[in-house]
Amino acid sequence: MVAAVRVHKVGGPEVLTYEEVDVPAPGPGQIRISQASCGINFIDTYFRSGLYPSPVGLPFIAGNEGAGTVTAVGPDVTDIEVGDKVAYVVALGSYAAERLLPAARVVKVPDGIDLAQAGGIMLKGMTVCYLLRRTFKVGPQHTILIHAAAGGIGLIACQWAKRLGATVIGTVGSKDKGELAKANGCDHVIYYRDEDFPARVKEITGGALCDVVYDGVGKSTFPASLDCIKPLGMFVSFGNASGSIEAFNINLLQAKGSLFVTRPTLNHYAASRADLDGLASELFEVVKSGAVKIPIQKRYALKDAQQAHIDLEARATTGTSILVP
């Protein structure tokens, strides 16, 4: 039996239950790992609250990413060995000291990447990779807006976009977060609680507006985000931290400048083995080079998962946080 955090009924942070679970020997195509870290992400709250339905029903072990050392391999696994260091993003099951994983969905962690760090960067890092390198290919000619620029994804996106040469505008909720965003590549900070962010974007860009808006906030920033985008630009909605965007009149896109809108997810961008390896390799490369720094801002014990979710939903965290089994 090993320690894990399970959800027996959906609800607030209080439904995260610290208990013992059995982890069997790996079956065909599976591996078993001893986890060094479990990433904490806003999507974890969506499954916990029921906003996203659990694909395995109830109860389920919370969490979607982690990293650790392989302790056993099942039949038919030929490219992973006991002792390998691996990381992953797999829907549910990461908040545990040990777990089973499909070998086809893990990647080996290269030298130069710490396992504790790897467990907290896979989901956010690969998400930023596909957002900036696949969904909309950001380059030096682009001006972009990143909502929640001091959040886990925001800090990575600001650094990576700056490395690509873009002009980066970010929204934040406080002066401290504004300074953090600036220190991580954000050229212009907008304090959304005190400022009209579409008006500030227009002012910053001299009326030219942005080529793309990356929005993981959702309901509270829509449809105002559309007023920040130049004609033929793109609105990328990749999260719902303030609630889901409700149905809207598609004619808004014509009225705002023949805009493009997409609601992507990492599952689709990393569906094939080749795509998964490509995203992970690009992420590891920029981290190892030092071009993108992803420090662990806060570590929680596995038993303190409830407090981690309370802090996350209260916007009391910045950057990357992990649970340590």
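As the structure is a computational prediction, the values presented were derived from the model and not from experiment.
More than 12 heavy atoms of other shown residues, nucleotides or ligands fall within 6.0 angstrom of atom NZ in K230. In this structure, E20 places its CD atom where more than 12 heavy-atom neighbours from other residues, nucleotides or ligands lie under 6.0 Å away. Around CD of E246, the count of heavy atoms belonging to other residues, nucleotides or ligands within 6.0 Å does not exceed 12. Counted within 6.0 Å of NZ on K162, heavy atoms from surrounding residues, nucleotides or ligands total more than 12; the atom is thus considered enclosed.
Taking the six-membered ring for Trp, Y191 and F197 have ring centres at least 6.0 Å apart. Here Y192 and H147 keep their ring centres 6.0 angstrom or further from each other. Taking the ring centroids of F222 and F248, they lie under the 6.0 Å cut-off. In this structure, F60 has its ring center no closer than 6.0 Å to that of H8.
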Check the pair K288 / D111 against salt bridge (charged side-chain N to carboxylate O under 4.0 Å, His left out), numbers first and verdict last. CA-CA 9 Å; K288 287 179 65 176; D111 293 339; over 6 Å; no

Yes or no on salt bridge (charged side-chain N to carboxylate O under 4.0 Å, His left out) for E19 and K303, after CA distance, side-chain angles and deciding distance? CA-CA 9 Å; E19 57 190 52; K303 65 181 178 63; over 6 Å; no

With side chain to side chain contact (heavy atoms under 4.5 Å, CB included) as the criterion, how do F238 and I153 come out once you've worked through the C-alpha distance, each side chain's angles and the decisive distance to 0.1 Å? CA-CA 10 Å; F238 64 92; I153 284 179; 3.7 Å; yes

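We find that D277 and R273 are joined by a salt bridge, their nearest charged nitrogen and carboxylate oxygen being less than 4.0 Å apart. Ion pairing between R134 and E282 holds under the 4.0 Å rule for side-chain N and carboxylate O. Taking the charged nitrogens against the carboxylate oxygens, D311 and K298 do have a contact shorter than 4.0 Å, which makes a salt bridge.
Of all heavy-atom pairs between P28 and D76, the closest is CB-OD2, 3.9 Å. What you find for E65 and I40 is that their closest heavy atoms are OE2-N, 4.4 Å. Nearest heavy atoms, S242 versus S220: OG-N, 2.9 Å. Of all heavy-atom pairs spanning G178 and V189, the tightest one is O-CG2, 3.6 Å. The minimum heavy-atom distance linking V2 with A97 is given by the pair CB-CB, 4.3 Å. Closest non-hydrogen pair, L209 versus C228, comes out as CB-O, 3.4 Å.
Side-chain atoms of T71 come within 3.5 Å of backbone N or O of R32 as a donor-acceptor pair. A donor-acceptor pair under 3.5 Å links the side-chain atoms of S174 to the main chain of K177, judged by distance alone. Side-chain atoms of T69 do not come within 3.5 Å of backbone N or O of S34 as any donor-acceptor pair. Looking at T17, its side chain does come within 3.5 Å of a backbone N or O of V15 through a donor-acceptor pair. A donor-acceptor pair is defined here as one N or O able to donate and one able to accept, closer than 3.5 Å; no such pair exists between the side chain of Y300 and the backbone of S321. Side-chain N or O atoms of Q35 include one that pairs as donor or acceptor with a backbone N or O of S94 at under 3.5 Å. No donor-acceptor pair under 3.5 Å is formed between the side chain of S281 and the backbone N or O of G278. Judged purely by atom type and a 3.5 angstrom limit, N64 uses its side chain to pair as donor or acceptor with the backbone of L92. For the pair Q30 (side chain) and G27 (backbone), a donor-acceptor distance under 3.5 Å is present. Side-chain atoms of N184 never come within 3.5 Å of backbone atoms of C158 as a donor-acceptor pair (strictly under, hydrogens ignored).
No hydrogens or angles considered: a donor-acceptor pair under 3.5 Å links the side chains of K124 and N41. Side chain to side chain, T221 and D215 meet the donor-acceptor criterion of an N or O pair below 3.5 Å. No side-chain N or O of Y130 forms a donor-acceptor pair with one of D275 less than 3.5 Å apart. Counting only N and O atoms by type, the side chains of T135 and Y269 include a donor and acceptor under 3.5 Å apart. A donor-acceptor contact closer than 3.5 angstrom is absent between the side chains of Y18 and D304.
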